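Data block below; observations after.
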Amino acid sequence: MHTDINALFAALWQDYIQMTPSAAKVHALLGHGKPIINDHIALRTFNIAKVNLDVLAKHFTSLGYVPCGDYKFEQKKLIAKHFEHPDSTQPKVFISELLVEEFSPALQKTIQGLIAQVDAAATTADNFIYSGRHWSLDAKTYQDLLTESEYAAWVAAFGYRANHFTVSINHLDGFETLESVNDALKQAGFVLNGSGGEIKGSPEVLLEQSSTMADKIGVEFTDATVEIPSCFYEFALRYPMANGELYTGFVAASADKIFESTNVNKA
């Protein structure tokens, strides 16, 4: 596992921009050539022992991250945790896992078959959380998974990598509000996730979030190359709590809608 947080996030970022060609354009638009502070990244997995949330989390807890919040998404049949580092300038990490046993026997069998192909030793390698897919997959199986769970199909297609990075609006020069960021993005031709409104959350829940819809890239399956939604860019504005410190958690109702940034039928 990595011993250097900055090297880990740099590697995650390099993989992410391969999957998300628009990310560099967003950077140029919002950053004006200056570094952009990353609020958090998100990772997805299945609740199967070999690759579950805890396995992914070890890549961060070994670097000093600690679990800070638990979340449940009943409709999508997911649970998640978020992790923070004692150094608050380091990005937060949001890891979710699909509750595989809550789906059809067909989906369970498919996912078990994919994870059976993962070499257990690979899960502790430095590069695991940006290593992509560890199994062979055909386009029909992807489509079958998609009918039951967009999340399952995404993980099956893309494997292990950042599902999104997140611009911290609190640290962004030239933008005071999430509306102004969204307006700049729309004027530049980016499509935003409108599920639950363009802005999810509110000052009352201490967090506002928006996101682009995922880029579409050609993914090679064993029988075809298909253009499907890959990764997206998120934007977060945090509000101070009663003690004056910025809220660092997540709002389940908002995150539920953010997941839909990779939905095929929305793009």
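These numbers come from a predicted model, not from an experiment.
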- Message: Name the residue from Leu137, Leu145, Val100 that meets the side-chain contact (heavy atoms from CB on, under 4.5 Å) definition with Thr110.
- Response: Leu145

- Between the side chain of Asp39 and the main-chain N/O of Thr166, is any donor-acceptor distance below 3.5 Å? no

- Message: For Glu234, is there an ion pair with Lys200 - N to carboxylate O distance below 4.0 angstrom?
- Response: no

- For Tyr247, the side chain to side chain donor-acceptor pair (under 3.5 Å) test, sequence neighbours excluded, returns none

- What residues form a side chain to side chain contact (heavy atoms under 4.5 Å, CB included) with Asp70, not counting sequence neighbours? Lys81

- Task: If a pair satisfies side-chain hydrogen bond (donor to acceptor under 3.5 Å, both in side chains) and one of its residues is in residues 54-67, list it, with sequence neighbours excluded.
- Result: none

- Item | Check: Asn193 side chain, Lys257 main-chain N or O, donor-acceptor pair, under 3.5 Å | yes

- Query: Does Ile228 reach the side chain of Phe158, with side-chain heavy atoms less than 4.5 Å apart?
  - Reply: yes

- Residue among Tyr16, Tyr130, Phe235 satisfying ring pair (Phe, Tyr, Trp, His ring centres under 6.0 Å) with Phe165: Tyr16

- Mind checking who shares a hydrophobic cluster with Phe232, ILVMFWY linked at side-chain heavy-atom distances under 4.5 Å? Ile258

- Query: Do the non-hydrogen side-chain atoms of Phe259 and Ser211 ever get within less than 4.5 Å of each other?
  - Reply: no

- Message: In the structure I gave you, are the side-chain heavy atoms of Cys231 and Asn163 within less than 4.5 Å of one another anywhere?
- Response: no

- Of all residues at least two apart in sequence or in a different chain, which pass the side chain to side chain donor-acceptor pair (under 3.5 Å) check with His27? Tyr233

- Message: My understanding is that only residues two or more places apart in sequence, or in another chain, count here; which of them pass side chain to side chain contact (heavy atoms under 4.5 Å, CB included) with Ala7?
- Response: His2, Asp4

- ring-ring contact (aromatic ring centres under 6.0 Å, His included) contacts in which one or both residues fall within residues 204-225, not counting sequence neighbours: Tyr142-Phe221

- Item | Summary of ring-ring contact (aromatic ring centres under 6.0 Å, His included) pairs that have at least one residue in residues 89-114, sequence neighbours excluded | Tyr71-Phe94, Phe94-Phe250

- Item | Enclosure of Lys76 NZ (heavy-atom neighbours >12, cutoff 6.0 Å) | yes

- Message: Holding to side chain to side chain contact (heavy atoms under 4.5 Å, CB included), I want the full list of residues that pass it with Lys140, two or more places apart in sequence or in another chain.
- Response: Asp138, Asp144

- For Lys34, salt bridge (charged side-chain N to carboxylate O under 4.0 Å, His left out) partners two or more places apart: Asp173

- Item | Minimum side-chain heavy-atom gap Asn127-Asp15 below 4.5 Å | no

- Note on the structure: Contacts of Thr262 meeting side chain to side chain donor-acceptor pair (under 3.5 Å) (sequence neighbours excluded), chain-then-number -> Arg44, Glu150

- List the steps and the verdict of side chain to side chain contact (heavy atoms under 4.5 Å, CB included) for Tyr160 and Leu43. CA-CA 7 Å; Tyr160 294 96; Leu43 299 165; over 6 Å; no

- Message: According to side chain to side chain donor-acceptor pair (under 3.5 Å), who are the partners of His32, at least two apart in sequence or on a separate chain?
- Response: none

